[in-house]
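Let me begin by presenting the structure, written as C-alpha cells, before commenting on it.
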Amino acid sequence: MARHIYRCPLRWSDMDAFGHVNNVVFLRYLEEARIDFMFRLAPGDGSPSFSGGSVVARHEIDYIRPLVHRHEPVIVESWVTRIGAASLTITYEIKDEASDAQVHGGAGDAPQVYVRASTVVVPYDLAAGRPRRISAEEKSFLQKYLPETEAGTGPATSAAADEDALVG
C-alpha cells in the first residue's frame, strides 16, 4: 500500500493563546494534504477525475499531543481506508518526519504523532449540483492507497456505506 506524504509548513498564525497549534488549524492541514493527494490524478494529465468537485461529509479527529510552532514542517501521511460506490474515506496521521536511521531500518524512536484523523469525501458534480459516483479511473487510483486485507487477499473495499446513500 502506498501512502501520500505531504510536508506541511507551520505558520506563526496557526498558534492560539495557549502557545500551540489551534485544533481547528489541524483541519486546514488535513485539507491541504487531501487536495494535494486527490489532485495528483487529475489536472496535469487532463483527466476529469476529481476535478469536478468533492465535498466533505464527515471529519473525525483525535488530538494525541499538542504541537508548538517550529521552523520544520510536519508530515501529513494519507491513505485510503474505504472506497464505496459514491464516497471514500481518507485516513491521516500528522507527525514528525522519520529520522534517517528509521528510514533505513535502524533503531530510533518512532516519529511523534500529533493527530490521527479521517475524512469521508463524496465526489460532487458541481454543474448538476449533486453527489456522483466514483469513476473507474478514480477507483483504480485510490486502490493504490488502500491497505491489504488482514488475510492479504487484496484491497479492502466496501460496496455500500451510509455516505453512499447521498447518491440517488
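Source: prediction; values computed, not measured.
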Mind running side chain to side chain contact (heavy atoms under 4.5 Å, CB included) on Leu67 and Phe26 for me, showing each step along the way?
CA-CA 10 Å; Leu67 175 60; Phe26 281 106; 3.9 Å; yes
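- Between Val122 and Ala86, the closest heavy-atom pair is CG1-O, 3.5 Å.
- Applying the ring pair (Phe, Tyr, Trp, His ring centres under 6.0 Å) criterion to Tyr145, with sequence neighbours excluded, gives Phe37, Phe141.
- Among His4, Glu77, Arg3, Arg34, the one residue that satisfies the side chain to side chain donor-acceptor pair (under 3.5 Å) test with Tyr92 is Arg34.
- For Val113, the side chain to side chain contact (heavy atoms under 4.5 Å, CB included) partners at least two apart in sequence or on another chain are Ile64, Glu93, Lys95, Arg116.
- Listed by chain and number, the residues in a salt bridge (Lys or Arg N to Asp or Glu O under 4.0 Å) with Asp36 are Arg40 (sequence neighbours excluded).
- Residues meeting the side-chain hydrogen bond (donor to acceptor under 3.5 Å, both in side chains) test with Arg28, sequence neighbours left out: none.
- Glu32 pairs by the side-chain hydrogen bond (donor to acceptor under 3.5 Å, both in side chains) definition with Tyr6, Arg11, not counting sequence neighbours.
- Qualifying side chain to side chain contact (heavy atoms under 4.5 Å, CB included) partners for His69, counting only residues two or more places apart in sequence or in other chains: Leu10, Trp12, Met15.
- Partners of Ser135 by side-chain hydrogen bond (donor to acceptor under 3.5 Å, both in side chains), not counting sequence neighbours, listed by chain and number: Glu138.
- In this structure, CD1 on Ile134 lies 5.0 Å from CG on Leu88, to the nearest 0.5 angstrom.
- One distance of note links CD1 of Ile94 with CD1 of Ile61; it measures 6.0 Å at 0.5 Å rounding.
- Side-chain contact between Val120 and Arg82 is present, with heavy atoms from C-beta onward closer than 4.5 Å.
- Closest approach of Glu60 to Arg58, counting heavy atoms only: OE2-NH2, 2.9 Å.
- Connection of Ile75 to Val80 is not established within any shared hydrophobic cluster, with ILVMFWY side chains joined at heavy-atom distances below 4.5 Å, either directly or through further cluster members.
- Taking each heavy atom of Ser78 and Ala33 in turn, the nearest pair found is OG-CB, 4.1 Å.
- Met38 approaches Ser54 most closely through the heavy-atom pair CE-OG, 4.3 Å.
- A 4.5 Å side-chain heavy-atom check between Gln112 and Arg65 finds at least one atom pair inside the cut-off.
- With sequence neighbours excluded, the residues satisfying side chain to side chain contact (heavy atoms under 4.5 Å, CB included) with Asp16 are Phe18, His20, Asn22.
- With rounding to the nearest 0.5 angstrom, the CG atom of Leu126 is 9.5 Å from the CZ atom of Arg132.
- For Thr91, the side chain to side chain contact (heavy atoms under 4.5 Å, CB included) partners two or more places apart in sequence, or in a different chain, are Trp79, Thr81, Thr89, Ser118.
- In this structure, Leu30 CG and Ile35 CD1 are separated by 11.5 Å, a value rounded to the nearest 0.5 Å.
- Taking the side-chain hydrogen bond (donor to acceptor under 3.5 Å, both in side chains) definition, one finds that Tyr29 meets it with Asp14, sequence neighbours left out.
- The salt bridge (Lys or Arg N to Asp or Glu O under 4.0 Å) search around Glu31 returns none, not counting sequence neighbours.
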